[in-house]
2 protein chains.
Amino acid sequence: MSTTPPASEDASPAEAAGEQAGHFEDVAFDVFQKRCPSRSALEHATAKWAVLVLSALTEGEGGARFGALRRRVDGVSEKMLSQTLQTLERDGFVDRRVLRPIPPHVEYSLTPLGRETARHLLGLVDFLEGRMDEVVAARDAYDRARDGGGDHRGDGAD
Amino acid sequence: MSTTPPASEDASPAEAAGEQAGHFEDVAFDVFQKRCPSRSALEHATAKWAVLVLSALTEGEGGARFGALRRRVDGVSEKMLSQTLQTLERDGFVDRRVLRPIPPHVEYSLTPLGRETARHLLGLVDFLEGRMDEVVAARDAYDRARDGGGDHRGDGAD
DNA sequence: CGGGATCCTAGACGATACTG
DNA sequence: CAGTATCGTCTAGGATCCCG
């Protein structure tokens with residue numbers, strides 16, 4: 001069972017998935033495929049840890065080791081980091097090269113594609129950071145509107 | 001119990017979450033908060049359905065109804081659409097206006113912030129779509145490398 | 001028609017132990 | 001050190017019912 005990392009949305013759209021989603025047989029998997037394969041790449045790149053890993057790899061472009069990445073990304077588990085790296089590598093965003101098999105020495109770096117993707121991502125992050133005041137204001141307004149207009153409880157507003 | 005839609009990562013980091021994640025007391029929730037609040041906005045905007053909703057709202061900027069959005073986004077459930085719309089509205093990405101209370105007539109549209117965010121997102125999507133050949137090639141190479149080099153089983157690759 | 005409340009499953013995620 | 005396997009937990013997400 002060395003074949004159980006991530007990736008499950010676009011590999012084999014035949015009989016692999018679709019049962020639990022498509023209760024019928026004719027509308028089965030087209031719903032999840034969304035009709036474009038770029039969706040999966042987008043989701044992989046915008047995944048929770050993927051953004052952080054992409055950022056971390058952007059900072060140190062000399063090739064980072066697993067442990068260094070773990071330390072840099074902070075709260076990521078080995079499983080999630082490994083999974084994220086595999087997904088990103090499979091999509092051609094990161095390049096994994098084994099420097100020495102024993103003891104293990106592996107370095108991860110961004111491919112040109114990954115670097116450009118990271119640029120787009122970082123651009124979005126930067127944009128959002130610059131507009132966070134609007135977001136915070138909107139959130140506050142939304143919270144106040146429903147806390148004072150409808151029924152309110154003593155909870156911490158979540 | 002009218003307060004149970006989405007949003008739960010950045011509101012009350014006190015006792016809401018952190019026990020199952022932070023096994024220690026000093027490294028508790030800083031791991032999940034990532035130290036920047038823009039993370040939540042980023043995750044909301046890049047969420048699975050959020051991208052599709054943002055795209056759908058970009059296409060028809062005249063204000064779309066719930067049912068129309070459901071039809072346009074395709075495989076989304078009412079719950080997910082409602083949840084996504086609420087999250088996007090709370091962050092100030094979409095504007096929700098009630099045209100008529102009974103029978104219900106609600107129209108959703110993008111705010112300027114939402115429109116710019118959608119632009120960034122669509123830019124990334126467009127970029128990825130243009131590079132999908134690289135992605136597909138990388139995926140194929142990755143798949144072949146592990147299918148022929150390591151141990152392979154008779155599963156559907158999933 | 002819009003969408004909230006509820007129930008349930010599948011998958012995401014984290015911690016740990018183990019291997020080479 | 002790099003990574004996998006396994007297990008347990010939590011939440012995202014979907015189906016359904018029902019109310020305004």
Side-chain angles (χ1 to χ4, degrees), chain A residues 1-9 16-24 27 31-32 43-44 47-50 52 64-71 73-87 89 96-108 146 150-151 158, chain B residues 1-9 16-24 27-29 31-32 43-44 47-50 52 64-71 73-87 89 96-108 146 150-151 158:
Chain A
M1 283 79 167
S2 57
T3 327
T4 324
S8 310
E9 329 82 52
E19 279 76 346
Q20 80 285 7
H23 46 303
F24 286 138
V27 293
V31 161
F32 277 74
E43 291 194 22
H44 292 166
K48 183 174 184 176
W49 298 113
L52 297 176
R65 319 229 286 295
F66 195 87
L69 240 29
R70 239 194 81 164
R71 203 163 306 117
V73 176
D74 188 30
V76 72
S77 58
E78 304 96 77
K79 184 186 167 186
M80 278 301 103
L81 181 55
S82 168
Q83 193 169 298
T84 302
L85 283 170
Q86 282 176 40
T87 305
E89 185 198 357
R96 176 209 148 122
R97 55 183 60 182
V98 181
L99 272 300
R100 189 191 327 122
I102 231 88
H105 187 118
V106 184
E107 294 211 341
Y108 295 93
R146 66 140 46 173
D151 65 304
D158 166 36
Chain B
M1 287 75 167
S2 56
T3 329
T4 325
S8 310
E9 328 83 50
E19 277 79 329
Q20 80 284 7
H23 44 302
F24 286 139
V27 293
F29 57 86
V31 160
F32 276 76
E43 290 195 19
H44 293 165
K48 183 175 183 176
W49 298 112
L52 297 176
R65 269 131 31 244
F66 194 87
L69 278 176
R70 239 195 78 166
R71 202 163 306 119
V73 175
D74 187 32
V76 71
S77 59
E78 302 95 73
K79 184 187 167 185
M80 278 301 102
L81 181 55
S82 168
Q83 194 169 297
T84 302
L85 285 170
Q86 282 176 42
T87 306
E89 184 198 358
R96 176 208 146 118
R97 56 183 60 184
V98 181
L99 272 300
R100 188 189 330 122
I102 224 85
H105 187 120
V106 185
E107 294 211 341
Y108 296 93
R146 68 140 42 176
D151 66 302
D158 168 40

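These numbers come from a predicted model, not from an experiment. By convention in this document, chain letters (A, B, ...) are assigned in the order of the sequence lines, proteins followed by strands, and residues within each chain are numbered from 1.
- At whole-Å resolution of the value, CZ in A/Arg70 and C1' in D/dG3 are 11 Å apart.
- Residue A/Arg97 places its CZ atom among 12 or fewer non-hydrogen atoms of other residues, nucleotides or ligands, all under 6.0 Å distant.
- Rounded to whole Å, atom C1' of D/dG13 lies 15 Å from atom CG of B/Leu85.
- In plain terms, the two heavy atoms of B/Val76 and B/Met80 that are nearest each other are CG2-CB, 3.7 Å.
- Contact annotation: A/Tyr108 does not reach the phosphate of D/dC1 (side-chain N/O to OP1 or OP2, under 4.0 Å).
- The B/Pro104 side chain lies nearest to C/dG2 when the options are C/dC13, D/dG13, C/dG2.
- For the OP1/OP2 pair of D/dG14 and a distance below 4.0 Å, the side-chain nitrogens and oxygens of B/Ser77 include at least one atom meeting the criterion.
- Side chain to side chain, A/Gln86 and A/Ser82 meet the donor-acceptor criterion of an N or O pair below 3.5 Å.
- Expressed to the nearest 0.5 Å, how far CZ of A/Arg65 lies from NE2 of A/His105 amounts to 4.5 Å.
- When the P atom of C/dC1 is taken as reference, atom CD of B/Glu107 falls 15 Å away, rounded to whole Å.
- Across every non-hydrogen atom of B/Arg96 and B/Val106, the tightest pair is CG-CG1, 3.6 Å.
- Across the interface with DNA chain D, nearest-nucleotide mapping of B/Glu78 and A/Ala68 shows A/Ala68 to be the residue nearer the 5′ end.
- C/dG3 atom C1' lies 16 Å from atom CG of B/Leu99, rounded to whole Å.
- Atom CG in A/Asp74 sits about 14 Å away from atom C1' in C/dG14, given to the nearest Å.
- If you take CZ of A/Phe66 and P of C/dT19, they are 18 Å apart, rounded to a whole angstrom.
- Positionally, the nearest nucleotide of DNA chain D for A/Val106 lies more toward the 5' end than for the other of A/Val106 and A/Lys79.
- A salt bridge links A/Glu78 with A/Arg70; the closest basic N to acidic carboxylate O contact falls under 4.0 Å.
- Inter-axis angle, ends of the helix from C/dC1-D/dG20 to C/dG20-D/dC1, five pairs per end, rounded to 10 degrees: 40°.
- Spacing between atom CD of B/Gln83 and atom C1' of D/dA15 amounts to 14 Å, rounded to whole angstrom units.
- Considering only side-chain atoms of A/Trp49, the nucleotide from C/dC13, C/dG2, D/dG14 that sits closest is C/dC13.
- Both A/Pro101 and A/Met80 sit near DNA chain C, but only A/Met80 has its closest nucleotide nearer the 5' end.
- For the OP1/OP2 pair of C/dG2 and a distance below 4.0 Å, the side-chain nitrogens and oxygens of B/Ser82 include no atom meeting the criterion.
- Remark: A/Gln86 is in phosphate contact with D/dT4, judged by side-chain N or O atoms under 4.0 Å from OP1 or OP2.
- An OP1 or OP2 oxygen of D/dC1 is reached within less than 4.0 angstrom by no side-chain nitrogen or oxygen of A/Arg65.
- One atom, CZ of A/Arg100, and another, C1' of D/dG3, lie 16 Å apart when rounded to the nearest Å.
- Looking at heavy-atom distances under 4.0 Å, B/Arg96 makes contact with sugar-phosphate atoms alone, never a base.
- Counting heavy atoms from C-beta on, the side chains of B/Leu85 and B/Leu69 come closer than 4.5 Å.
- Nearest heavy atom pair, residue B/Leu81 against residue B/Phe66, reads CD2-O, 3.6 Å.
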